[in-house]
Amino acid sequence: MSSNNSVLIVEDEAAIRNGLIDVFIYHGFEVEAVEDGKEGLDKALTGDFDLVILDVMLPSMNGFDICQAIREKDKEQPVIMLTAKTAEEDVIQGLTLGADDYVAKPFSVAQLVLRVQAVLRRAKKYHVEVRTISLTQDRVIDLDNLSVSANNSNTQLTKREAEVIEYLYSNLQRPVSREELLEKVWGYNPELEIETRTVDIHIAKIRRKIEVDPKHAEFLVTVRGAGYKLITLDSQV
Ligand code: CA
């Protein structure tokens with residue numbers, strides 16, 4: 001990791017907070033750490049951090065509310081949430097509120113460092129020129145405004161959901177594997193074994209937003225044994 005990155009750690013458990021401080025200092029980060037939720041939000045909004053690490057259960061304000069408040073002000077701020085290992089709903093809620101990724105507690109330092117590197121790398125090699133994608137005539141995804149309009153309703157996408165769609169759209173002619181999405185959209189190193197369900201969770205969330213019936217996907221389809229494929233008006237031409 002490069003030497004001038006700064007991180008804000010918001011975690012009330014002293015043992016975990018101190019462990020995180022050590023890890024980030026070891027990797028050359030400038031570190032600020034607080035234990036209180038509101039104080040964490042204030043610092044996140046007034047400081048200029050390359051990364052914010054957020055616990056969920058915190059005094060005075062929880063990590064979900066902090067994440068949401070950060071996103072309202074700053075769509076780009078990288079945020080990683082620390083969630084309980086067993087609480088899948090925590091993961092889904094955190095990612096829905098715009099966290100870039102999550103690490104389940106108890107976490108290994110190696111896993112955390114991989115996530116951090118990936119989030120900071122943010123390699124975007126696939127920016128597509130077309131910024132609106134028509135699934136049908138009246139079902140349109142707007143990549144810049146992070147929205148899906150269908151019939152008369154409008155649904156917001158998270159930045160990461162839009163990036164997944166953008167990557168699939170840049171590869172309309174073929175299915176894209178989960179591993180490729182992890183590498184290209186999340187920035188994970190393909191050599192390393194990363195334990196994460198983040199792709200599956202994102203695909204499910206995107207389907208809830210873009211499909212007529214999420215259980216019978218017709219736009220973000222699974223190609224058995226190969227991966228995911230986006231079907232749009234363009235792909236049928
Ligand atoms: Ca806590």
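First listed ligand is number 1; within each ligand, the first listed atom is number 1. The shown structure was predicted, so the numbers you read here are calculated from the model rather than taken from an experiment. The basis for the numbers below is simple: all heavy atoms, side chains too, and nothing from hydrogens, waters or symmetry mates.
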**Report entry** Angle in degrees, rounded to 10°, that O of M57 and OD1 of D12 form at the Ca ion (ligand 1)
**Finding:** 90°
**Report entry** Residues, nucleotides or ligands: over 12 heavy atoms within 6.0 Å of D200 CG
**Finding:** yes
Requested in this report: Verify the cluster assignment for I16 and V116: are they in a single hydrophobic cluster under the rule of side-chain heavy atoms below 4.5 Å apart?
Outcome: yes
Query raised in the report: Hey, mind stepping through R131 and E166 against side-chain contact (heavy atoms from CB on, under 4.5 Å) and telling me if it holds?
Result: CA-CA 9 Å; R131 303 307 293 167; E166 186 174 0; 3.1 Å; yes
Query raised in the report: From the Ca ion (ligand 1) out to just under 3.0 Å, does an N/O/S atom of E13 turn up?
Result: no
Query raised in the report: Do the side chains of L114 and Y26 join up, straight or via other hydrophobic residues, at under 4.5 Å, putting them in one cluster?
Result: no
Report task. Answer yes or no as to whether an N/O/S atom of D55 is found below 3.0 Å from the Ca ion (ligand 1). Result -> yes
